[in-house]
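Working notes for the structure below.
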Amino acid sequence: MELKRASVNDTETIWRMQKEAFAELLDKYRDYDISPANEPVERIEERLLQPYTYFYYIIEDNNTVGAVRVVDKKDGSRKRISPVFIMKEFRNKGYAQRAIAEAENIHGHDGWELETILQEKGNCYLYEKMGYRKTGRTEVINERMTIVYYEKN
């Protein structure tokens with residue numbers, strides 16, 4: 001597995017992948033205001049143009065299995081994973097875990113943060129297995145969904 005950096009020329013591809021990858025969660029939780037599946041293509045372009053955003057394709061055996069975005073301002077602030085996603089046909093094969101580990105290898109192992117949906121137990125398990133700990137901060141989005149925040153030092 002490798003991470004291949006995306007550029008602004010990849011905006012449309014990343015956007016389409018993200019919409020597809022998060023479509024089921026959008027349908028399940030109806031979080032229309034914050035779901036990556038509901039973001040306009042312009043938002044992806046804005047992120048790709050940020051000097052502190054590193055969007056990577058997750059590649060395995062010449063297949064693009066997903067993507068991960070790292071925010072690394074290189075100023076001592078926490079690095080952030082937002083989002084990471086694996087396409088449906090490639091899920092539950094360890095790609096997200098390996099992609100996060102590789103992002104940590106590239107950007108440094110200390111000072112990370114991320115958030116996920118509290119009700120998605122598999123996501124919480126993955127992050128906790130990788131050393132991320134709940135901060136105690138949560139945010140109720142609607143009656144179906146709560147966001148839980150994690151840090152790793």
Side-chain angles (χ1 to χ4, degrees), residues 1-8 10-11 14-15 17-22 24-26 28-29 31 33-39 43-61 63-88 90-153:
M1 192 233 45
E2 69 172 311
L3 297 185
K4 179 183 173 201
R5 182 128 185 231
S7 74
V8 72
D10 297 301
T11 298
I14 296 280
W15 177 69
M17 288 174 62
Q18 182 173 287
K19 285 181 72 71
E20 181 181 332
F22 284 98
E24 287 180 15
L25 292 176
L26 176 62
K28 181 177 181 179
Y29 293 109
D31 55 325
D33 292 337
I34 67 165
S35 174
N38 218 27
E39 285 185 341
R43 186 70 184 110
I44 303 299
E45 183 178 35
E46 287 171 18
R47 288 180 175 149
L48 283 164
L49 290 170
Q50 293 170 334
Y52 48 82
T53 282
Y54 302 81
F55 233 126
Y56 299 98
Y57 289 113
I58 303 166
I59 309 290
E60 176 70 28
D61 293 329
N63 292 310
T64 302
V65 302
V68 59
R69 175 178 171 244
V70 173
V71 176
D72 184 357
K73 295 185 178 180
K74 299 186 184 301
D75 64 359
S77 63
R78 287 193 173 276
K79 296 171 284 268
R80 176 176 178 71
I81 295 172
S82 178
V84 57
F85 56 88
I86 304 298
M87 305 311 291
K88 188 173 184 174
F90 297 106
R91 291 182 188 156
N92 299 310
K93 297 181 179 173
Y95 295 131
Q97 181 175 342
R98 289 168 49 207
I100 291 168
E102 183 60 21
E104 292 173 351
N105 284 337
I106 293 168
H107 293 276
H109 293 277
D110 294 326
W112 287 87
E113 66 183 7
L114 56 80
E115 69 266 350
T116 194
I117 300 168
L118 180 63
Q119 291 80 1
E120 290 297 312
K121 299 302 181 199
N123 290 358
C124 294
Y125 175 77
L126 166 66
Y127 301 134
E128 290 170 17
K129 179 171 72 168
M130 295 191 70
Y132 288 80
R133 298 291 169 245
K134 291 177 182 169
T135 66
R137 179 178 170 212
T138 60
E139 183 179 351
V140 175
I141 302 303
N142 59 39
E143 65 279 355
R144 295 174 189 86
M145 177 181 168
T146 301
I147 297 294
V148 60
Y149 292 82
Y150 284 89
E151 290 181 349
K152 180 177 183 179
N153 292 319

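Given the structure is predicted, the values throughout are model-derived calculations rather than measurements.
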What verdict does the side chain to side chain contact (heavy atoms under 4.5 Å, CB included) test give for L25 and F85, after you've listed the backbone C-alpha separation in whole Å, the side-chain angles of each residue and the deciding distance to 0.1 Å? CA-CA 12 Å; L25 292 176; F85 56 88; over 6 Å; no

From I86 CD1 over to I58 CD1, what is the distance, rounded to the nearest 0.5 angstrom?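 With rounding to 0.5 Å, CD1 (I86) is 3.5 Å from CD1 (I58).
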
Interatomic distance, Y57 atom OH to N63 atom CG [nearest 0.5 angstrom]: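 It is 14.0 Å, given to the nearest 0.5 Å.
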
Candidate pair K74 and H107, rule side chain to side chain contact (heavy atoms under 4.5 Å, CB included), full reasoning: CA-CA 9 Å; K74 299 186 184 301; H107 293 276; 4.2 Å; yes

Does the side chain to side chain contact (heavy atoms under 4.5 Å, CB included) test come out yes or no for K152 and R133, once each step is laid out? CA-CA 6 Å; K152 180 177 183 179; R133 298 291 169 245; over 6 Å; no

Assess the side chains of R69 and Q18: does a donor N or O sit below 3.5 Å from an acceptor N or O?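 Checked: R69/Q18 side chains show no N/O donor-acceptor pair below 3.5 Å.
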
Is [X] reaching over with its side chain to a backbone N or O of [Y], donor-acceptor style, under 3.5 angstrom?
X	Y	value
N142	R144	yes
W112	Y150	no
E45	T11	no

Answer yes or no: is there an ion pair linking E104 with K79, defined by an N-O contact shorter than 4.0 Å?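 Here E104 does not pair with K79 in a salt bridge, since their nearest N and O are not under 4.0 Å apart.
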
Under 4.0 Å between a Lys/Arg side-chain N and an Asp/Glu carboxylate O for E120 and K28?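 Yes, charged N to carboxylate O under 4.0 Å.
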
Any side-chain heavy-atom pair from I141 and Y29 closer than 4.5 angstrom?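 With C-beta onward as the side chain, the pair stays apart.
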
Is Y127 close to V148 at the side-chain level, that is, under 4.5 Å between some pair of heavy atoms?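 Contact flag for V148/Y127 side chains = no.
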
